[in-house]
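Structure first, then comments.
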Amino acid sequence: MPIVLYDTRQRRKVPFEPLEAGTVKMYTCGQTVYDDAHIGNFRTYIFEDLLRRSLKFLGYQVVQVMNLTDVDDKTIRESCRQGIPLKEYTAPIIERFFEDLDTLGIERAEHYPAATDHVPEMIALIQTLLEKGYAYQAEGSVYFSVSRFKDYGQLSGMSLERLAKGVRIDADEYEKDDFRDFALWKGRTPEDGEVSWEAPFGRGRPGWHIECSAMSMRYLGEEFDIHTGGVDNIFPHHENEIAQSVAATGKGFARYWLHSAHLVVDGEKMSKSLGNFYTVKDLLAKGYPPRAIRYVLLSVHYRQPLNFTDEVAQAAMRSLERFDTLYQAAVLASGGGKVRNTLREALDNTRQGFASSLQDDLGIAEAMADLFKLVSTVHQLAQEKPLNRAEGVALKALWGDVDRVLGLLIPEETGISGQILDAVRNRERLRRSHDFAQADRIRVELNQRGIQLEDTTEGTVAIWPGGRRIVRIEDDNS
RNA sequence: GGCGGCGUAGCCAAGAGGCUAAGGCGGAGGUCUGCAAAACCUCUAUUCAUCGGUUCGAAUCCGAUCGCCGCCUCCA
């Protein structure tokens, strides 16, 4: 069964076929590094991570590029304000960005090109556009002439005529031939400070759209498979990328365009004034474990608007605990015996169902439903007869396999203090001597510290937000 | 004004013409347990924003209405 993806340009699901069999080249619009990324940004990066991991799971090699926009009005303004070089201003922001990617378990792309490291490529591309007559110079800047590109608007459905209606024209852009034209190169202004590059058409800095065209070509070629971003990028950013790229090369540029819907918080668009603007670190500070954040951002289909609320995050934590019961059952499985046929069948069905759900435009909800069904099946079987070692091994193998895509199924085992472990062991000793009053008091204390206990024949399981661990008295010395 | 999206149970969320409308969270009752927790069992939408239409048949297609949201020159 082929992979089917929703292509923004065609406004429908289409069968996916990479240019080069077995390899997918994808360009994912990344962060403008003027400030820390917020969870809305990460909703998109999680979608791209799911796309990447799904393609790999389904047998493709993936080459992913994510750009870092480190030169624009905001980065320049802030670096000037702080009186430090641009790179010095953006470096720590980029560092924190990667920390957040790691926190959320987002796999690293193959390339993270920064715009400022690829100015020569951009200049060359602009030169080509000038030579081919698609661009013109005005007052030190270079603009792309939209009217000369006949297919303009095919991605967003914005025809040139429609764009003419209800326009607003910025006063400082009077030098453009046509208000719909966009800047490829911005002539140097005093506000740019030290930030400028020498080019055949004058000193200045690149426009926004040109970096993605130049860097995608550099790392993926003039034509590649998938280009993604948030819906807000459809127009004008991606529309302009297509125009300048196709005009320059005559090739088709990206073949599939995928866009993720936005995230809102408590039903409202995030904004600093509303106080509902969150970074990953803000959420960690609020006590949400990374797995739960990832779960929330991942579990809603990428083309559906996602409403982040406390209730949703709490439900995510509980859902993860449900998933974890399967992993725990697999870890605790012991004794001889073969894998029961019913389990073997369930494992096969789950693997197939999971894969085919992903193949249908990354149907994450169905994929997860398949896993929840397996959780039920496993517990039902364990009710009949405890899981044996072979069954535990088979379950862990499947769990690890599907987690290559989800990246959240394996509970944390660290993050609990030795002091708490001692308390758990102490309680177990008290239980064994039938001092239930004392034992229960310890349990209540631990509950109040956010740690749930489960007594099993294999030991006491300590559960905390994001993780769980089996605590045995016998392990005390090891 | 132009372009586009969304509205399914208390909450989240699948389903996109035809088996009893997936799944998760939450809730109610029961089994198990020293007691819990987890697990298991049973129940929790006669109906898919509203109103019309097409059809043998619609949550799914069409139209209108209401509500929410995004984009319309540098916001994922």
Side-chain angles (χ1 to χ4, degrees), chain A residues 8 11 13 28-32 37-48 69 72-74 146 153 156-159 161-170 173 176 179-183 186 207-209 211 228-237 239-240 259-264 267-270 295-296 299-301 303-307 309 311-325 328-329 357 363-373 375-376 378-380 382-384 431 434 436-437 439-440 443-444 447 452-456 460-461 463 468:
Chain A
T8 303
R11 300 194 189 288
K13 291 185 191 175
T28 51
C29 270
Q31 193 69 22
T32 300
H38 55 69
I39 54 169
N41 299 125
F42 284 107
R43 197 275 164 103
T44 296
Y45 304 141
I46 290 269
F47 143 62
E48 288 154 354
T69 301
D72 79 320
D73 291 351
K74 287 179 248 180
V146 165
S156 60
M158 304 275 218
S159 72
E161 301 78 60
R162 282 182 187 138
L163 280 170
K165 297 176 184 167
V167 290
R168 39 178 215 255
I169 301 167
D170 289 343
E173 297 195 328
K176 292 196 284 191
F179 69 92
R180 294 163 299 201
D181 292 347
F182 57 90
K186 296 181 160 190
W208 177 34
H209 316 296
E211 69 173 84
T228 70
V231 284
D232 54 302
N233 278 155
I234 296 171
F235 189 88
H237 184 49
E239 197 68 75
N240 290 350
H259 294 93
S260 60
H262 276 179
L263 171 148
V264 294
E268 298 194 86
K269 186 171 179 171
M270 272 195 294
Y295 188 102
V296 173
S299 60
V300 177
H301 186 88
R303 283 189 287 114
Q304 289 298 321
L306 165 58
N307 186 13
T309 66
E311 196 174 6
V312 164
Q314 297 295 338
M317 287 192 233
R318 298 284 297 135
S319 298
L320 282 167
E321 282 178 23
R322 172 77 179 164
F323 273 148
D324 289 348
T325 61
Q328 178 177 304
S357 297
I364 190 69
E366 287 172 285
M368 283 188 158
D370 289 333
L371 299 186
F372 279 116
K373 281 177 194 159
V375 175
S376 291
V378 166
H379 288 313
Q380 282 161 20
Q383 206 82 4
E384 289 165 18
R431 282 185 72 227
H434 288 79
F436 295 120
D440 288 353
R443 184 169 62 193
V444 168
N447 283 170
Q452 195 68 236
L453 298 184
E454 276 177 31
D455 297 320
T456 77
T460 301
V461 180
I463 301 162
R468 60 173 61 208

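Letters A, B, ... mirror the listed sequences (proteins, then strands); counts begin at 1. Since we're looking at a predicted model, the values are computed, not measured.
Shown here are the salt bridge (Lys or Arg N to Asp or Glu O under 4.0 Å) partners of A:R322, two or more places apart in sequence or in another chain: there are none. With sequence neighbours left out, A:K373 forms a salt bridge (Lys or Arg N to Asp or Glu O under 4.0 Å) with no residue at all. Every residue meeting the side chain to side chain contact (heavy atoms under 4.5 Å, CB included) condition with A:V300, not counting sequence neighbours, appears here in chain and number order: A:R43, A:Q304, A:L306. A:E454 is linked by a salt bridge (Lys or Arg N to Asp or Glu O under 4.0 Å) to nothing, counting only residues two or more places apart in sequence or in another chain. Every residue meeting the side chain to side chain contact (heavy atoms under 4.5 Å, CB included) condition with A:P236, not counting sequence neighbours, appears here in chain and number order: A:H209, A:N240.
Evaluation of atom-type donor-acceptor distances gives a pair under 3.5 Å for the side chain of A:R443 against the base of B:A36. The base of B:G34 lies close enough to the side chain of A:R431 for a donor and an acceptor atom to sit less than 3.5 Å apart.
Between A:F436 and A:H434, the gap from one ring centroid to the other is short of 6.0 Å.
When both pairing distances are held under 3.5 Å, B:U55 makes no Watson-Crick or G-U pair with any nucleotide shown. In this entry B:C75 has no Watson-Crick or G-U wobble partner, no candidate having both defining distances under 3.5 Å. In this structure, B:C68 and B:G5 make a Watson-Crick or G-U wobble pair, each of the two defining distances being under 3.5 angstrom. As the counterpart of B:G10, B:C25 is assigned, both hydrogen-bonding distances of the Watson-Crick or G-U wobble pattern falling under 3.5 Å. Applying the Watson-Crick and G-U wobble criteria (two distances, each under 3.5 Å), B:C32 pairs with nothing in any strand. Remark: B:A45 base-pairs with no nucleotide; criterion is Watson-Crick or G-U wobble with both hydrogen-bond distances under 3.5 Å.
In this structure, the side chains of A:H262 and A:K269 stay at 4.5 Å or more apart for every pair of heavy atoms. Counting heavy atoms from C-beta outward, A:V375 and A:T325 have side chains that approach closer than 4.5 Å. Using a 4.5 Å heavy-atom threshold, the side chains of A:M317 and A:L320 count as separate. A:T69 has its side chain within reach of A:W208: a pair of non-hydrogen atoms, C-beta onward, lies under 4.5 Å apart.
Nucleic acid contact for A:L453: base, since at least one base atom lies under 4.0 Å from a heavy atom of the residue. Here A:S260 lies out of heavy-atom contact (under 4.0 Å) with every strand. A:V300 comes within 4.0 angstrom of sugar-phosphate atoms only, judged by non-hydrogen atoms across all strands, and of no base. Counting any heavy atom pair closer than 4.0 Å across all strands shown, A:I463 reaches no nucleic acid atom. Backbone-only contact: A:S156 has heavy atoms under 4.0 Å from sugar-phosphate atoms and none from a base. Among the protein residues, A:G40 comes within range of the nucleic acid bases, having at least one heavy atom under 4.0 Å from a base atom. Among the atoms of the strands shown, only primed sugar atoms or phosphate atoms (P, OP1, OP2) are found under 4.0 Å from some heavy atom of A:H301.
Straight-line distance from the CE atom of A:M317 to the P atom of B:A38: 16 Å, rounded to whole Å. Taking atom CG on A:L320 and atom P on B:C12, their separation rounds to 18 Å, with Å as the unit. We find that CD of A:E366 is positioned 7 Å from C1' of B:G15, with the value rounded to whole Å. Rounded to an integer number of Å, the gap from NE2 of A:H262 to C1' of B:C6 is 14 Å. As a whole-Å value, the separation of A:I234 CD1 from B:G70 C1' is 9 Å. The separation between A:Q380 atom CD and B:A38 atom C1' is 15 Å, rounded to whole Å. As rounded to whole Å, 12 Å separates atom P of B:G7 from atom CZ of A:R303. Taking atom CG of A:N233 as the reference point, atom C1' of B:C3 lies 17 Å away to the nearest angstrom.
Atom P of B:G52 sits at a distance of 28 Å from the matching atom of B:G15, rounded to the whole Å. B:U20 and B:G70 are spaced 38 Å apart, taking the C1' atom of each and rounding to whole Å. Rounded to whole Å, the separation between the C1' atoms of B:U54 and B:G29 comes to 46 Å. Between B:G67 and B:A28, the two P atoms lie 37 Å apart (nearest whole Å). The same atom, C1', is picked in B:U55 and in B:G18; the two are 12 Å apart, to the nearest Å. Taking atom C1' in both B:A58 and B:U47, one finds a spacing of 12 Å when rounded to whole Å. For B:U46 and B:A22, the P atoms lie 13 Å apart once the distance is rounded to whole Å. The P atoms of B:C40 and B:C69 are separated by 40 Å, rounded to the nearest whole Å.
Using a 4.0 Å cut-off, some side-chain N or O of A:K269 falls inside it from OP1 or OP2 of B:C71.
The side chain of A:Q452 lies closest to B:A37, out of B:A37, B:C35, B:A76. Checking B:C6, B:C71, B:A76 against every side-chain atom of A:N41, the shortest atom distance belongs to B:A76. Set against B:C75, B:C40, B:G70, the side chain of A:V231 has B:G70 as its closest nucleotide.
Of the two residues contacting RNA chain B, namely A:D72 and A:R11, the nearest-nucleotide position lying further toward the 5' end is that of A:R11. Nearest-nucleotide positions on RNA chain B place A:N447 closer to the 5' end than the other of A:M270 and A:N447.
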Enumerate all atom pairs, one protein N or O and one N or O from nucleotides 23-25 of chain B, separated by less than 3.5 Å.
unit_1	atom_1	unit_2	atom_2	d
B:G24	O2'	A:S319	OG	2.3

